[in-house]
Amino acid sequence: VQLQASGGGLVQAGGSLRLSCAASGSSFSIDRMGWYRQAPGKQRELVASITIGGRTNYADSVKGRFTVSRDNAKNTVYLQMSSLIPEDTAVYYCNAAGLRLIGGRWLSYDYWGQGTLVTVSS
């Protein structure tokens, strides 16, 4: 499975950006798709995720500002980011994870995209 993220860039504080991530090479529906980010000198952290059933999870720091959504038919996940602040500056990574039943066993999978840089200027 390959994940191709796009939509990063430079934006002023208070502005908006929309990230997209399309999964290809998958013959199955992906259980959970989401976004993580890593700022310079910091650990990678979860930003938001969404299950195939539409259940979402957000980091406290982005609640009310970011919205995660997905198109299951296209295996694509989106992150609408609004009211951006300089602290949102990071490389954003797309993630696809879940469980698959293979040969009678449940096996986990966990795929990552290449990352897209979001820079918020003050």
### Query
Has Arg44 got its NZ or CZ under 6.0 Å from the middle of the six-membered ring of Tyr93, at an angle within 45 degrees of the ring axis?
yes

## Note on the structure
Looking only at heavy atoms, the pair that brings Gly115 and Val91 closest together is CA-CG1, 3.8 Å

### Task
Say whether Ile50 and Leu79 are linked into one hydrophobic cluster, either directly or through other cluster members, by side-chain heavy-atom distances under 4.5 angstrom.
yes

### Message
If hydrophobic clusters are built from ILVMFWY residues whose side chains come within less than 4.5 Å, do Leu17 and Met33 share one?
### Response
yes

### Summary
In terms of heavy-atom contacts, Arg70 and Ile52 come closest through NH1-N, 3.2 Å

### Task
Kindly give the heavy-atom pair with the smallest separation between Cys94 and Ala5, and that separation in Å.
CB-CB, 4.5 Å

### Summary
Interatomic distance, CG@Leu84 vs OG@Ser121, rounded to 0.5 Å, equals 10.0 Å

### Task
Would you please say whether a donor-acceptor pair under 3.5 Å links the side chains of Tyr92 and Arg37?
yes

### Query
How long is the gap from OG1 on Thr116 to CD on Gln114, to the nearest 0.5 Å?
7.0 Å

### Option passing side chain to side chain contact (heavy atoms under 4.5 Å, CB included) with Val62 (candidates Val68, Val47, Leu46)
Val47

### Task
Indicate if Leu19 and Tyr78 have the same hydrophobic cluster label, given that clusters are the connected sets of ILVMFWY residues with side-chain heavy-atom separations under 4.5 angstrom.
no

### Query
Below 4.5 Å, heavy atoms only, C-beta onward: do Glu45 and Tyr36 meet side chain to side chain?
no

#### Entry: Inter-residue atom distance Phe28.CZ - Arg100.CZ, 0.5 Å rounding
4.5 Å

### Query
Can you get from Tyr58 to Val118 by hopping between Ile, Leu, Val, Met, Phe, Trp and Tyr side chains that sit under 4.5 Å apart?
yes

### Message
Any donor-acceptor pair under 3.5 Å linking the side-chain atoms of Arg55 with those of Asn57?
### Response
no

## Note on the structure
Rounding to 0.5 Å, atoms CE (Met81) and CZ (Phe66) come to a distance of 5.5 Å

### Separation between CG of Leu99 and CG of Asp31, rounded to the nearest 0.5 Å
6.0 Å

### Query
Which value, rounded to the nearest 0.5 Å, describes the distance between Arg32 atom CZ and Asp110 atom CG?
7.5 Å

### Task
Would you name the heavy atoms of Ala23 and Ile30 that are closest together and state the gap between them?
CB-CD1, 3.6 Å

### Task
Test Leu10 against every option in Thr119, Leu117, Thr89 by the side chain to side chain contact (heavy atoms under 4.5 Å, CB included) rule and name the one that passes.
Thr119

### Audit row: Ser16, Gln80, side chain to side chain contact (heavy atoms under 4.5 Å, CB included) steps and yes/no
CA-CA 7 Å; Ser16 299; Gln80 179 66 48; 4.0 Å; yes

### Task
Establish whether Tyr109 and Trp35 are linked, either directly or via other cluster members, by ILVMFWY side-chain heavy-atom contacts under 4.5 Å.
yes

#### Entry: Nearest heavy-atom neighbours spanning Leu3 and Cys21
CB-SG, 3.8 Å

